[in-house]
Amino acid sequence: MHPYMRINTEATFLLVLSILRFSMTDDFDWRYNGTSGPEHWPEHVPTCGGRSQSPVDIHSSKYNSSLGNFNFTGNDATGTDMYMIKNHGYTIQVDIKKNNITMSGGGLSSEYTAAQFHFHWGGNSLRGSEHTLYGKRYPMELHIVYYKTSLGSIADAVDSNQTDSLAVLGFFFEVTSSDNEDLAPILSQLDNVHYANSSNLVSLSSNFSLKSILPNLDGPQTYHRYSGSLTTPSCLEVVIWTVFESMIGISERQLALLREVLETEEGETPEKQLYDNYRPLQEIGSRSITTSTFHWSYEEELNTGPSKWVLHYETCGGNRQSPIDIPREKDVQYAENLGFIKFCGYDEMRVHKIKNNGHTLQVDIRGNFYISGGGLGARYQVAQFHFHWAKTSNRGSEHTFDGTAFPMELHIVHFKEEYGSIAEALNHPDGLAVLGFMFKVSPADSDSYGSLLQKSSDVEYYGESTNTSFIQLMQLLPIKQENLQFFRYNGSLTTPPCTEAVIWTVFTDPVSISEKQLQELRDLNHIPKPSISVTYGTIETNYRPVQRLNGRRVLKNFQILQLSAGSGTISTGTMLSVVIGISFLVTRNH
Ligand SMILES: *[C@@H]1O[C@H](CO)[C@@H](O)[C@H](O)[C@H]1NC(C)=O
Ligand SMILES: *[C@@H]1O[C@H](CO)[C@@H](O)[C@H](O)[C@H]1NC(C)=O
Ligand SMILES: *[C@@H]1O[C@H](CO)[C@@H](O)[C@H](O)[C@H]1NC(C)=O
Ligand SMILES: *[C@@H]1O[C@H](CO)[C@@H](O)[C@H](O)[C@H]1NC(C)=O
Ligand SMILES: *[C@@H]1O[C@H](CO)[C@@H](O)[C@H](O)[C@H]1NC(C)=O
Ligand SMILES: *[C@@H]1O[C@H](CO)[C@@H](O)[C@H](O)[C@H]1NC(C)=O
Ligand SMILES: *[C@@H]1O[C@H](CO)[C@@H](O)[C@H](O)[C@H]1NC(C)=O
Ligand SMILES: *[C@@H]1O[C@H](CO)[C@@H](O)[C@H](O)[C@H]1NC(C)=O
Ligand SMILES: *[C@@H]1O[C@H](CO)[C@@H](O)[C@H](O)[C@H]1NC(C)=O
Ligand SMILES: [Zn+2]
Ligand SMILES: [Zn+2]
């Protein structure tokens with residue numbers, strides 16, 4: 001008998017990742033590599049070629065409010081011989097010898113009992129996890145295998161071959177610089193299970209508990225849910241998968257200890273280290289992945305788009321929300337006392353911080369620059385600016401002018417100086433002053449935006465940030481910079497929490513940018529940098545639809561729309577006039 005055969009038979013039973021009575025898997029000496037590797041499993045075990053296989057890449061999860069917290073019971077239990085560790089050649093596994101560790105809740109229809117937990121890890125820390133999260137693979141993944149309590153035992157549960165027979169919890173590991181002491185009870189026993197031998201069961205220290213190695217799950221639990229399979233032959237499609245976002249720390253030194261373990265039996269040569277024991281990703285197919293936590297987005301199909309914000313951020317349903325459709329220019333009241341915005345420090349050349357915040361490209365301003373005048377009544381300090389756009393150039397701006405959208409909108413966010421910070425300013429109805437600038441597409445690249453956008457390739461993914469090149473805020477404004485014409489109204493942040501603390505100033509003069517430059521923004525991603533190639537994740541659209549005016553006043557600081565010299569070609573004039581609905585002015589101005 002090939003040495004693997006015995007291990008294999010034992011393993012399949014003990015892992016219950018496969019069952020002896022399924023003769024198809026019985027004589028198949030499966031591996032993670034080579035001619036018995038994952039791509040060959042379906043030839044021997046047809047179920048492995050099924051349509052609900054695991055693992056999968058987790059992304060585009062739809063929010064489901066029914067996925068509440070899990071209720072874990074007994075996972076703090078300790079006791080000699082309660083947790084028995086072994087090496088059966090495919091993984092390091094800890095069998096749970098008491099059946100009093102259970103869980104319910106978490107959107108599960110009944111109670112489940114823990115049977116064992118085990119790990120999947122890589123030959124280096126760039127790989128190892130079975131699932132990937134937004135295309136990112138982690139160095140290791142923990143699986144805690146529970147069976148439906150009413151089915152009696154894990155063997156009977158698997159045997160029943162129901163889609164909810166098992167519930168497996170997956171936790172990713174992330175590399176930390178120092179050791180995770182909670183893992184010591186497991187890692188310290190690895191020497192005792194160095195060789196593959198399923199009969200060699202070693203007790204973990206009597207003070208070990210399953211809970212001790214898990215991340216803190218006391219607060220709201222963020223996890224992803226889908227229906228899948230065992231990730232080893234028999235590949236039975238009997239698992240309700242739950243993959244958590246909160247991770248477990250592990251040091252490189254500790255990972256190296258796991259990679260020392262052998263997949264070969266004592267005396268067997270050549271010795272082979274056990275690692276890369278993860279199955280490649282399977283197609284999600286027609287299955288959907290759901291998630292327990294509401295992360296607001298612009299994607300209605302994920303149940304987290306603008307129409308759903310109000311369910312989690314009450315203020316988003318308020319009566320002074322932004323953006324709005326600015327009425328026809330002739331229906332807007334001229335307010336003589338508004339005057340013009342004065343820009344202070346906007347002409348200084350500075351290096352600022354540019355970042356991808358997952359929703360937009362944002363530049364945090366370093367230095368104290370202000371605006372005043374324009375009816376604001378006080379000085380407002382610049383904090384940051386960012387953009388809103390869409391997949392195509394026929395829309396993208398948040399504000400619209402009498403129903404017409406622009407391809408992009410720039411928001412320069414200021415807080416009232418006397419409030420000292422954005423956080424404090426949000427507590428006051430006049431806390432923020434946001435300047436909105438519309439864009440128009442021009443055939444030529446914009447030099448002013450060129451150097452900024454060049455840096456955007458360094459912040460392609462969510463969470464990335466870098467320094468801008470030297471930029472002057474003034475360069476970002478329309479060519480005409482004196483006595484800019486604008487609309488004024490009281491509104492809100494256009495993203496959750498939609499705080500109603502914004503005095504809006506929306507300028508009539510557009511800024512020019514090329515289609516190619518717009519595309520650079522659309523290529524930014526709302527996901528962190530993935531480790532596999534993915535076909536999703538770009539920020540295609542990030543504008544909020546217009547909100548009801550609810551009787552609010554919109555004012556303007558001009559009587560007659562003047563077109564700026566720089567952008568005052570006939571075509572711009574025509575465009576603006578159409579947009580604002582005062583075509584007679586074009587003739588007058590040109
Ligand atoms: C997998 O197989 C390939 C080709 O046989 C080999 O080069 C590689 O080292 C193997 N990897 C592992 C982890 O065994
Ligand atoms: C959690 O489960 C235990 C045992 O099943 C039960 O006694 C307890 O009431 C549950 N708690 C909640 C909050 O559901
Ligand atoms: C489970 O069993 C262990 C060992 O017998 C014991 O220490 C623990 O208190 C039990 N837990 C529960 C919740 O019954
Ligand atoms: C949401 O989760 C609950 C609980 O698991 C489930 O019964 C329901 O079908 C889910 N809804 C959707 C749309 O997935
Ligand atoms: C398990 O159930 C699936 C779906 O009903 C079926 O296709 C498959 O043949 C069953 N497998 C076994 C081993 O009973
Ligand atoms: C496997 O472990 C058992 C129990 O520790 C031991 O008796 C047996 O000799 C081991 N088998 C091999 C092949 O090392
Ligand atoms: C757990 O037990 C081990 C050995 O039995 C001991 O070294 C360790 O200090 C104990 N840990 C705690 C938290 O009691
Ligand atoms: C960015 O600029 C700031 C201020 O000029 C400087 O302190 C910081 O070191 C720079 N960071 C990088 C990554 O260049
Ligand atoms: C905005 O609100 C303030 C305070 O209520 C009010 O004085 C001001 O007139 C409002 N602005 C507009 C444009 O309605
Ligand atoms: Zn597993
Ligand atoms: Zn904005």
Side-chain angles (χ1 to χ4, degrees), residues 12 16-26 28 42 44-53 60-70 103-110 112 155-167 221 223-230 233-242 286-294 301-304 308 319-320 322 324 326-327 332-339 374-378 416 428-434 486-492 500-506 549-557:
T12 46
V16 193
L17 298 181
S18 159
I19 276 287
L20 289 171
R21 68 203 87 185
F22 297 152
S23 58
M24 279 180 307
T25 61
D26 232 6
F28 174 41
H44 304 264
V45 187
T47 311
C48 296
R51 292 186 184 179
S52 296
Q53 291 293 294
S60 309
S61 304
K62 292 185 169 68
Y63 171 65
N64 180 344
S65 58
S66 304
L67 299 178
N69 269 11
F70 282 91
M103 67 177 183
S104 57
L108 300 173
S109 57
S110 59
Y112 286 75
D156 289 334
V158 173
D159 208 15
S160 77
N161 192 20
Q162 293 165 13
T163 53
D164 63 351
S165 295
L166 302 183
Q221 296 161 1
Y223 59 84
H224 301 265
R225 163 68 44 79
Y226 77 99
S227 292
S229 73
L230 302 170
S234 64
C235 307
L236 280 179
E237 297 177 340
V238 295
V239 181
I240 299 177
W241 275 99
T242 304
S286 59
R287 289 173 289 174
S288 70
I289 306 182
T290 52
T291 186
S292 62
T293 300
F294 185 90
E301 59 281 18
L302 301 185
N303 303 324
T304 52
K308 298 294 193 316
N319 56 19
R320 81 170 251 201
S322 293
I324 57 164
I326 291 170
V332 174
Q333 187 193 332
Y334 166 53
E336 210 171 346
N337 59 339
L338 286 178
L376 292 173
K416 198 170 186 175
H428 304 270
D430 63 348
L432 302 184
V434 183
F486 63 77
F487 298 102
R488 163 66 44 77
Y489 77 100
N490 286 335
S492 73
E500 299 186 332
V502 182
I503 301 176
W504 275 97
T505 305
V506 182
L549 210 44
N550 294 320
R552 277 175 290 173
R553 276 191 312 166
V554 180
L555 304 176
K556 60 183 181 183
N557 74 335

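Just so you know, ligand 1 is whichever comes first in the structure, and atom 1 is the first atom listed for that ligand. Computed over heavy atoms, backbone and side chain alike; hydrogens, waters and symmetry mates excluded.
Ring planes of Y489 and W504: parallel class, angle under 30° (limits at 30 and 60°).
In the vicinity of G107, heavy-atom distances shorter than 4.0 Å reach the ligand 4 atoms 4 (C), 5 (O). Each of the following atoms of ligand 4 lies closer than 4.0 Å to a heavy atom of S66: 1 (C), 2 (O), 3 (C), 4 (C). Those atoms of ligand 4 with a heavy atom of N64 less than 4.0 angstrom away are 1 (C), 2 (O), 3 (C), 8 (C), 10 (C), 11 (N), 12 (C), 14 (O).
Considering each of T163, N161, D159, V158, the one bringing a non-hydrogen atom nearest atom 8 (C) of ligand 5 is N161.
Residue R488 has no nitrogen or oxygen atom sitting less than 3.5 Å from a nitrogen or oxygen atom of ligand 9, judged on distance alone.
With a heavy-atom cut-off of 4.0 Å, L67 touches ligand 4 through its side chain alone.
In this structure, atom 9 (O) of ligand 9 lies nearest to the protein heavy atom R553 NH2, 3.0 Å. For atom 6 (C) of ligand 9, the closest heavy atom belonging to the protein is N490 ND2, 4.1 Å.
There is a side-chain donor-acceptor pair under 3.5 Å between T242 and R225.
A side-chain contact (heavy atoms from CB on, under 4.5 Å) with T47 is found for one member of V238, N161, L236 and no other, namely L236.
Within a 4.0 Å radius of atom 4 (C) of ligand 9, the protein contributes no heavy atom. Distance screen at 4.0 Å: atom 14 (O) of ligand 9 has a protein heavy-atom neighbour inside the cut-off. Counting protein heavy atoms under 4.0 angstrom from atom 11 (N) of ligand 9 gives one or more.
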Exercise for the section: Begin from the C-alpha positions of L376 and R488 and carry the test side chain to side chain contact (heavy atoms under 4.5 Å, CB included) through to its verdict. Expected result: CA-CA 10 Å; L376 292 173; R488 163 66 44 77; 3.8 Å; yes
